[in-house]
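Okay, so here's the structure we're looking at.
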Amino acid sequence: MRYLIIIALITTACSGSRTNNKGLKDYYKDYFDIGVALPARNFSNEEISFFAKHFNSVTAENAMKTEPVHPLPNRYNFTPVDSLVAVTKRLNMKMRGHTLCWHNQVPDWFFKYEDGSTIDKATLYERLKAHIYTVAGRYKNDIYAWDVVNEVISDKKDEFYRPSKFYEIAGADYIDSAYTWAHEATPNALLFYNDYNEIDSIKRSKIIKMIQVLQAKNIPIHGIGLQAHWALNGPSESQLEQTLKDFSTLGLNIQITELDMSIYPKEHQSREWDATRDKDTLYTNDIANAQAEKYAIFFKLFRKYRKHISSVTFWNISDKHSWLDDFPVKNRKDYPLLFDKDLQPKKAYETVIDF
Ligand code: GLA
């Protein structure tokens, strides 16, 4: 009898510790990868074991964007990227590449001749091609999926493409070429189009139309990335379901590439702190509960569309630091993730793993 009790105690202890060792990625192993966007800096041992426990995919938060990786015409800065790639490999994780062609965080020189005048289309093509070949080519054995083109669709109802510098100089054709060059540089990688506010039905139909045109031209595009910078007040369950349903008709891989949930109503434009309407909101129990419920709905739908969704990446590690602390309002603290500032799971974590 004494032996039986001891065996029972040991079994309980072991299964308890097994449960504790289970991370987010383990709960979702039959569904999709779980990723995290990481800065290029040194990580503590605690952080490293936290990453290893919960995630099996990494995106560089900034290090691969044009400005940091290609600051000057003849200078690439690969050191921070290489160190992230090394961490990712050490932890046996996959790596997503982000991003090869984006109108933001691209240095001025990219669009200018030495005398300061704007380059012509042929020069832009040369530069973009060289950039894509160099960056995507360097990591062709390390990065399995690239956000090739980011955010080219306009938020304005009556405008199709965003009037970016790329578009002003080259029209929309450079988009086709960007995918073709990326495919040439890294033939095995899955190539994505990535954008935000895809919940908006008008913007969504423009994205779908653009992708269908690319598909009809046999441009190598394999996936659609939904950034998913969402908020407590949206999207609703039906908006998200409609969004996933619409995108799944494309027959492409869907990835949730930059998930977070602001506790403030969603705004897409950066603006100054406005004392008449802005204040730091405390992360109360009510907010924690509402956020947990909302996260549960998002993940219920992700699971429902698991045939199409291959990866869900969170944008940033924990509530200790999020880009939303400075966007859209500078210095306004936000709490958008599943883990608190001490890397402890929040209520939202519990609802996301409870299925
Ligand atoms: C966009 C970009 C990301 C990141 C976020 C904010 O979603 O795709 O790289 O810059 O904005 O951090």
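Just so it is clear, the model here is predicted, and its values are computed rather than measured. Whatever order the structure lists ligands and atoms in, that order sets their numbers, starting from 1.
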Option whose closest heavy atom lies nearest to atom 4 (C) of ligand 1, chosen from His229, Glu61, Lys65, Met64: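 Considering heavy atoms of His229, Glu61, Lys65, Met64, the nearest to atom 4 (C) of ligand 1 sits in Lys65.
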
Notebook entry, point to check: Between Asp325 (side chain) and Ser322 (backbone), is there a donor-acceptor pair under 3.5 Å?
Noted result: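 Indeed, once roles are kept as given, a pair shorter than 3.5 Å links the two residues.
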
Neighbour count above 12 (heavy atom, 6.0 Å) for Lys121 NZ: yes

Discussion item. With rounding to the nearest 0.5 angstrom, report the CG to OH distance, Asp260 to Tyr335.
Written reply: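 If I round to the nearest 0.5 Å, the distance is 15.0 Å.
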
If we number the atoms of ligand 1 from 1 as shown, the ones under 4.0 Å from a heavy atom of Gln227 are 1 (C), 7 (O), 8 (O)

Note: ligand 1 atoms sitting under 4.0 Å from heavy atoms of Asn150 are 2 (C), 8 (O)

Any salt bridge linking Asp195 with Lys203? Criterion: basic side-chain nitrogen under 4.0 Å from a carboxylate oxygen.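 A salt bridge is present here (some side-chain N lies under 4.0 Å from a carboxylate O).
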
Quiz item: Taking NZ, NE, NH1 and NH2 as the nitrogens, is one of them in Lys25 or Asp33 under 4.0 Å from a carboxylate oxygen of the other?
Solution: no

When you measure from [atom] to every protein heavy atom, which one gives the shortest distance, and what is it?
{"atom": "atom 8 (O) of ligand 1", "result": "Glu258 OE2, 2.8 Å"}
{"atom": "atom 9 (O) of ligand 1", "result": "His98 NE2, 2.5 Å"}
{"atom": "atom 12 (O) of ligand 1", "result": "Trp315 NE1, 3.2 Å"}

Can you name the closest pair of heavy atoms from Arg204 and Phe247 and give their distance?
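Where Arg204 meets Phe247 most closely, the heavy atoms are CG-CZ, 3.5 Å.
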
At under 4.0 Å between heavy atoms, what of Phe327 touches ligand 1? The answer is neither

